[in-house]
There are 8 protein chains.
Amino acid sequence: MTITKVIQLLEKFRAGRVSRDQVLRVFQAAPIADLGFAQVDTHRALRQGFPEVIFGGGKTPEQVVKIAAKILASESRVLITRVTDAHARALRKKFKPAIHHQLARCVTIEKKTLPKRPGTIGIICAGTSDLPVAEEAAVTAEIMGNRVERIYDVGVAGLHRLLAKSENLQRANVLIVVAGMEGALPSVVAGLVSRPVIAVPTSIGYGASFGGIAALLGMLNSCGSGVTVVNIDNGFGAGYAASQINVLAEK
Amino acid sequence: MTITKVIQLLEKFRAGRVSRDQVLRVFQAAPIADLGFAQVDTHRALRQGFPEVIFGGGKTPEQVVKIAAKILASESRVLITRVTDAHARALRKKFKPAIHHQLARCVTIEKKTLPKRPGTIGIICAGTSDLPVAEEAAVTAEIMGNRVERIYDVGVAGLHRLLAKSENLQRANVLIVVAGMEGALPSVVAGLVSRPVIAVPTSIGYGASFGGIAALLGMLNSCGSGVTVVNIDNGFGAGYAASQINVLAEK
Amino acid sequence: MTITKVIQLLEKFRAGRVSRDQVLRVFQAAPIADLGFAQVDTHRALRQGFPEVIFGGGKTPEQVVKIAAKILASESRVLITRVTDAHARALRKKFKPAIHHQLARCVTIEKKTLPKRPGTIGIICAGTSDLPVAEEAAVTAEIMGNRVERIYDVGVAGLHRLLAKSENLQRANVLIVVAGMEGALPSVVAGLVSRPVIAVPTSIGYGASFGGIAALLGMLNSCGSGVTVVNIDNGFGAGYAASQINVLAEK
Amino acid sequence: MTITKVIQLLEKFRAGRVSRDQVLRVFQAAPIADLGFAQVDTHRALRQGFPEVIFGGGKTPEQVVKIAAKILASESRVLITRVTDAHARALRKKFKPAIHHQLARCVTIEKKTLPKRPGTIGIICAGTSDLPVAEEAAVTAEIMGNRVERIYDVGVAGLHRLLAKSENLQRANVLIVVAGMEGALPSVVAGLVSRPVIAVPTSIGYGASFGGIAALLGMLNSCGSGVTVVNIDNGFGAGYAASQINVLAEK
Amino acid sequence: MTITKVIQLLEKFRAGRVSRDQVLRVFQAAPIADLGFAQVDTHRALRQGFPEVIFGGGKTPEQVVKIAAKILASESRVLITRVTDAHARALRKKFKPAIHHQLARCVTIEKKTLPKRPGTIGIICAGTSDLPVAEEAAVTAEIMGNRVERIYDVGVAGLHRLLAKSENLQRANVLIVVAGMEGALPSVVAGLVSRPVIAVPTSIGYGASFGGIAALLGMLNSCGSGVTVVNIDNGFGAGYAASQINVLAEK
Amino acid sequence: MTITKVIQLLEKFRAGRVSRDQVLRVFQAAPIADLGFAQVDTHRALRQGFPEVIFGGGKTPEQVVKIAAKILASESRVLITRVTDAHARALRKKFKPAIHHQLARCVTIEKKTLPKRPGTIGIICAGTSDLPVAEEAAVTAEIMGNRVERIYDVGVAGLHRLLAKSENLQRANVLIVVAGMEGALPSVVAGLVSRPVIAVPTSIGYGASFGGIAALLGMLNSCGSGVTVVNIDNGFGAGYAASQINVLAEK
Amino acid sequence: MTITKVIQLLEKFRAGRVSRDQVLRVFQAAPIADLGFAQVDTHRALRQGFPEVIFGGGKTPEQVVKIAAKILASESRVLITRVTDAHARALRKKFKPAIHHQLARCVTIEKKTLPKRPGTIGIICAGTSDLPVAEEAAVTAEIMGNRVERIYDVGVAGLHRLLAKSENLQRANVLIVVAGMEGALPSVVAGLVSRPVIAVPTSIGYGASFGGIAALLGMLNSCGSGVTVVNIDNGFGAGYAASQINVLAEK
Amino acid sequence: MTITKVIQLLEKFRAGRVSRDQVLRVFQAAPIADLGFAQVDTHRALRQGFPEVIFGGGKTPEQVVKIAAKILASESRVLITRVTDAHARALRKKFKPAIHHQLARCVTIEKKTLPKRPGTIGIICAGTSDLPVAEEAAVTAEIMGNRVERIYDVGVAGLHRLLAKSENLQRANVLIVVAGMEGALPSVVAGLVSRPVIAVPTSIGYGASFGGIAALLGMLNSCGSGVTVVNIDNGFGAGYAASQINVLAEK
């Protein structure tokens, strides 16, 4: 039931053309869904600039293009994660402003770029193997209107490189720390800063790394206070959560 | 090597009483630790109001009292988590302002109470079994200077109670969602708000809940964007991270 | 030993041509299997309309066609699950009325369609990734003579869409809820209806979803009363069980 | 907002004392929760006779008595599961009609007994160790208004005892099969009947039974069609689901 | 040190050409390995007719042919398990009497066939999916000189077929029961016979079968006395152990 | 229906007092259970001397005494495993010939001792921690009429002690090898003998032994041919299976 | 057969009183065990100063005293690990020089103290919870004749404390790093030194630390080269291995 | 800040051209990283001859060549592990002295060969399947300047072959024992020598070997004192650690 219809009903009621009980019944039966949608719209408005996201994994290029077109009909930006080259080609053919972030395995389409909010999100990782996940986080954070500072190639087995970036670490409002293998980097970073640290385990490693479980457990058991964790390889989730936090700092 | 000593050295060097090489050697050998301490002090200053924390689990009442005394010599507040009644009795006997938060299994000792910062942290859980963990998060957040809104007794199997708290949920800067069993509550909450959600799995349940693993996995795989997770039963960690986030909103 | 043979034996006994001991020995040795078969036939008769099922996975198209032919010699319908395109082509070439349900990865062959029984089975899932499993359940339920109402594209992170379908949910005699990732949907659905809910975890997800274990554990630990669970991706099993329940409502 | 208040509002609107916009705003803001409660009440009405349930595990006798009293203020029956002797004593002291089902580890309190619906629920298990779980299922089913037929002491390693109960098995509308160790009993039972089978793994066993995981996995992988599964030791859940199914047969 | 050398040494000692201490030193240093070989030879002689075995998995056809040739230089038979078609082709090209057991994924090469010992080994499985493992057991048992009775297509969900084979089951000296999914067949068989039962879990199944773990756990927790278990898919191991047992019956 | 009753029926039929159809109906309805019992009796007869077994774990002394009394009414021996001192006291008080095997945690009650069959069962373990399981196997084997040779205190880290027992190992018809920690002993023993080896993992160890899982996996993956495995700590199962094998050697 | 007996045999042979074949037979049959013992003695001699070790866990005080007495009859030192206070009391009552290392849960008994070899073993851990395991390693290393440098109270979340000990770390020949929770300390230490690092996971932690598995996995996946790992809580094993390494440096 | 710059600063200070405070500030801010690098250089110097290592897995041939070129600009040797044939071809085309160790899946590039240090590292494994891991360890140890003695084809199920190598085992300063399946070889080897034993589990096996977990657990629970363990298939790590130990023996 649209608002227009409710107005008509109320006018009819005032005009004595429908009974109080009829209005009451509509009121009571007020389809939760409509209210629900309203509610969602309301808070969607609050999160201005947040993109719609398509998880490309396991979808055909055609499906992805179709869903993206549907979103772009009403939204000004869309993020497609876990894309293959075929996905990227199809998207770039269809949508002019599509950008393929190859390392991040993402495509972004923005009708117009969002102005960046002041604070920065620091993204830290140890090496080349973790880059795809770190970049997925970075691209996500950027399309949501954040400045990102990348601090790559710092690992726990060579502390001097990490310590050399001390100042950069402390500049960020929130930090995303991406690590595979034993997943110790977030603990060390959390000991150097007083900002929220979001840890992302990666599936990098072999043998007893069990596809990222070792890193995940390491992060959940971090002795560094204030570390929270997302799913293995979930760069998107980390970027999204970091953006939500950075928005708070903007207020 | 203290700064005083470095000054003396430089003066001797200027006075020609020590050679350039001697200064250089000290410079190169500059004990990283001293610098390290400096650095730590600097950023400790930044996190004014953050308490020192003692994990009571596995420590004797005597040990806990001793460590608390040592901290209170230089700090104005201390939080002791996972206390038994014996711990609490010993602490309250020794420290006048000690408060025993029985449900939270915590003792707090504050020389003077911290003024609360403006925004609130929402803490949500489904029921009585999850209360100890939710309260550990609440006590932690409060001693760190935050206002806490408790939204207890809302679960996914009775949506109406949760939906009735819609407004309360949306008021908070950051939300801590505590849940055992299937750990579905954070996903539902994340769908209703646009603020950071920190999920805390609890060890509540039996059989295939495996001491909280089911809830932990549920939360890591949450379909709600922006959900981050801490260790099973880690109310303290969630409260600490939420406070770090709420501090940002204060800026 | 057939009944005819037993009759002959008894007549010979009455005629004094075989001893009592000979009859007794046959009686005692009464091949359990024959009785067993009888028994099976009896209760197979009770479950009129239940199809024979071939699990296509790991079988060659030739094997599947051969087994299907054998079943159709005595039965009026057969369901082949987990078929590849090659399976489907081979079956459609051989059997005229074969229908390939591509999304469900099933082929059905019915000599004549079964009339549908009155009540409906509701099948609920969150999105495109879970559709193959949901459709396997639907096709199974349909070939067993049930009406199916599909309620797709409803998830726990967007409650309004689910609540909008409230009435549809409550119309069904039994509900099949298919979900991957954290597997929270069955708990929420079970809180909205008072009918049996059969939960099907899917292998959808990545990282700590562990091929559906997270969803499976979530469902086994559901806080919603009356939820029962089948194996990961086992759409067939859910459809079969739902049909058995719906049959009861028909009595 | 209560219905009385909505009526007052509409009257004021008709009387011109509040504007259309004011009514509209209330309408839009119609607290979902109120509607939610309404909805819940509606479908609670549908499930007449279903008891409120208290999980006694981890609660003090005082807590359990208090919650039971609160429920009995508005409901005519309550089921308390996983009770200790102390729970039972406290409940029986306070509530006259309280019955302690010792083997089932349950207490039931009924103001007046529910008439039983016609069909029966069969409950099958192998032996003495599985009895507490089987009885929890039985007591749950009975307080929900069902007739229960107990078929205990039948196991897969002694088929003759199970086969001797063939007729009893086939009489039931729905069967609950409780088993520990390798959890094979539901598969065998499902091969003998054409009714829904709900399997309950128990934590009985040692070594590689892993507290019921072996039985749980066995049941999830059952080769018997139509078997659904509940959590380890969850006799209550099985009884509840079986009752929901049996209600359908009553229609 | 060969025996010939020891004899020479002793003769030199008797002839006074080496000292007692020199003999003593050799004696003390008596290379354990030589003794070891002797010992091995001795007991190898005892197990006449036992083939050498090559695990084909992960080896190239050339490697397999080369190892087989080396064995056949001194032995009269060889068994190659887990062969691909390429392995089989290479072996049959090189060795005339090579037989490719396609279903069993084995090749056997026997210079002359071993006479079969009197008792039989029963091999039982539920269906087509388990056949490769069952046949690996059968081929292993046969090349080791045993008669094998295959009882395939009997499963726990259709007891009558199994019961019909009662007599066959009881005829065997030892039974190998191969099963995937819930692995319940060995328990049922062990309840019907009084002979040793060797259970072989297979990796057949999907979802929560976890590549055979469900079946393995089921078998380890079997309620049937006298059931022993081998590794998942280890048909060879079961055939080998069964043969060792059948040899005992031959004495 | 007893045989006497069947005879009466047949006589009545011959006498023309019941119709052929009446006999036929009884014949067809021949209660499977009766046949089943017959069958069981038959093969129970075959396994003369096999004891009935009571698993004492989790039963009260009263329950154990009651079950033992019931068995001894018809059987001449009974074995009670996993007994506490309380169990033992109660049994010895009630049954004169009861013997408490303290180390084995067993009680045996034999009306008259079974004569021992010729061959021996070798039981091997590394040390004092594994003795309770090894002794449970030994007591089981002995009450089933077997001679047992205990070869304790031999481990893989001190090969000389094991090799010194070479002859003893080779004397046995079948070997039970009990080991905790890494569970390597069965592999080494299987390399020294050509007889069946039954491996029993024990829950001895700490940390990554995971209550016997490490030993269990080691044994399932044994590189020694012919090794079969029973559940963790299942000394009874190993003794039972070994006895079944040793019986074969007796034929 | 003792050496004396072999000498007698050879003399008889030289004297012509036994044949060559008789000597040969003895030679061939040379009981492997005797040789084995010899071999063991030889290499035991090589490891002068290594103590015999008794694992106290699960043994009674009487058993421990008895075994210690037996060892001290021939050895000059013994180490008893995992002792309770009762063990310690019993040992100190019986053996004068017994020392109870309470924190390490060890007792050592040395007839005379071993002189210490030159190099040192560094033992590093983060805090009070890990001390029992670190001290078990220290006591083991010390009784084996090593100097130990304890570097306690350094953790990855407070790098400055660790870096301040840089020089101490680099002084050691080999380092034992003990850590619970995420087990990241060994990676960081290995990045600061070029000596062998032995990592010991401890069972300290809760929730997803799974009794030390998180730390164990972290250490096995260490990105620091040269890190090797022992079992959870196995301080003894680490001390023993470190001593073996330190002995090499002494050569 | 380079040392040259520090010298210039100090000279300017002495010359009165910069204030003491300016020097002090630089001193305090002394970029830890520079110091860190210094420190690293220092200890890198200590580990003369240690190669830089590139993990080839998951990198393109181009990436590997590029990183190798960068390292060789300043280092005299590089080790690339887990190479494919494509990697090897690209490296050999670019770098003249590149050697492809096919079995070890490694390429080494040495400008000039390092002289070997005196002691040897023994590498032991059971068979052909474990060779790639054993050879990775061997190649690593060799390029780090060690002599390696390979003792392949010895397994626990054929002890005589291992015992025959007794002397070779005892000659080594440190032993690397590589094993899959049940991983028992290190325990047996540790019982025969008094040197450090580094165990490497391999992913060889099937079924319940779980990709090397069975071997890993076996080694962590080894009853042989002094065994330390590295990650599954981590031949490089074992070779690196063994070299660190062998360096100590050289001192």
Side-chain angles (χ1 to χ4, degrees), chain B residues 125-130 153-166 169 177 179-194 197 199 201-229 232, chain C residues 125-130 153-166 169 177 179-194 197 199 201-229 232:
Chain B
C125 78
T128 49
S129 313
D130 297 325
D153 203 23
V154 294
V156 296
L159 282 182
H160 58 284
R161 284 199 296 238
L162 179 63
L163 294 175
K165 297 290 184 180
S166 232
L169 295 175
V177 187
M181 301 185 79
E182 80 269 65
L185 195 52
S187 298
V188 174
V189 169
L192 297 175
V193 302
S194 59
V197 171
T202 66
S203 53
I204 298 310
Y206 61 93
S209 83
F210 300 135
I213 297 182
L216 171 62
L217 294 184
M219 290 168 177
L220 287 169
N221 288 285
S222 174
C223 55
S225 299
V227 175
T228 61
V229 187
I232 297 164
Chain C
C125 77
T128 49
S129 313
D130 296 326
D153 203 22
V154 293
V156 295
L159 282 181
H160 58 285
R161 284 199 297 241
L162 179 63
L163 295 176
K165 297 290 184 181
S166 231
L169 294 175
V177 187
M181 303 184 77
E182 82 269 63
L185 195 50
S187 297
V188 175
V189 169
L192 298 174
V193 304
S194 59
V197 172
T202 66
S203 53
I204 299 310
Y206 61 92
S209 85
F210 300 134
I213 297 181
L216 171 62
L217 294 184
M219 291 167 177
L220 286 169
N221 287 286
S222 174
C223 55
S225 299
V227 175
T228 61
V229 187
I232 297 166

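Just so it is clear: chains get the letters A, B, ... in the order the sequence lines come, proteins before strands, and each one is counted from 1. As a basis for the values below, the full set of heavy atoms in this structure was taken, side chains included, without hydrogen atoms, waters or symmetry mates.
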Among C:Ser225, C:Gly207, C:Ser209, which has the most heavy-atom pairs under 4.5 Å with chain B? C:Ser209
B:Ser187 OG to C:Glu182 CD distance, which is reported to the nearest 0.5 Å: 3.5 Å
So, the part of B:Phe210 with a heavy atom under 4.5 Å from chain C: the answer is side chain
Go through B:Gly224, B:Ala214, B:Ala208 and name the one with the most non-hydrogen pairs under 4.5 angstrom from chain C. B:Ala208
Between C:Leu159 and B:Leu159, is any pair of side-chain heavy atoms under 4.5 Å apart? yes
For C:Ala184 and B:Ala184, the nearest pair of non-hydrogen atoms, with its separation, is CB-CB, 3.1 Å
Report the distance from atom CG of B:Leu217 to atom CG of C:Leu217, rounding to the nearest 0.5 Å. 6.0 Å
Contact leader toward chain C among B:Gly205, B:Ala215, B:Ser222, where contacts are heavy-atom pairs under 4.5 Å: B:Ser222
Taking C:Gly155, C:Gly218, C:Ala126, C:Gly180 one by one, which has the highest count of heavy-atom pairs under 4.5 Å against chain B? C:Gly218
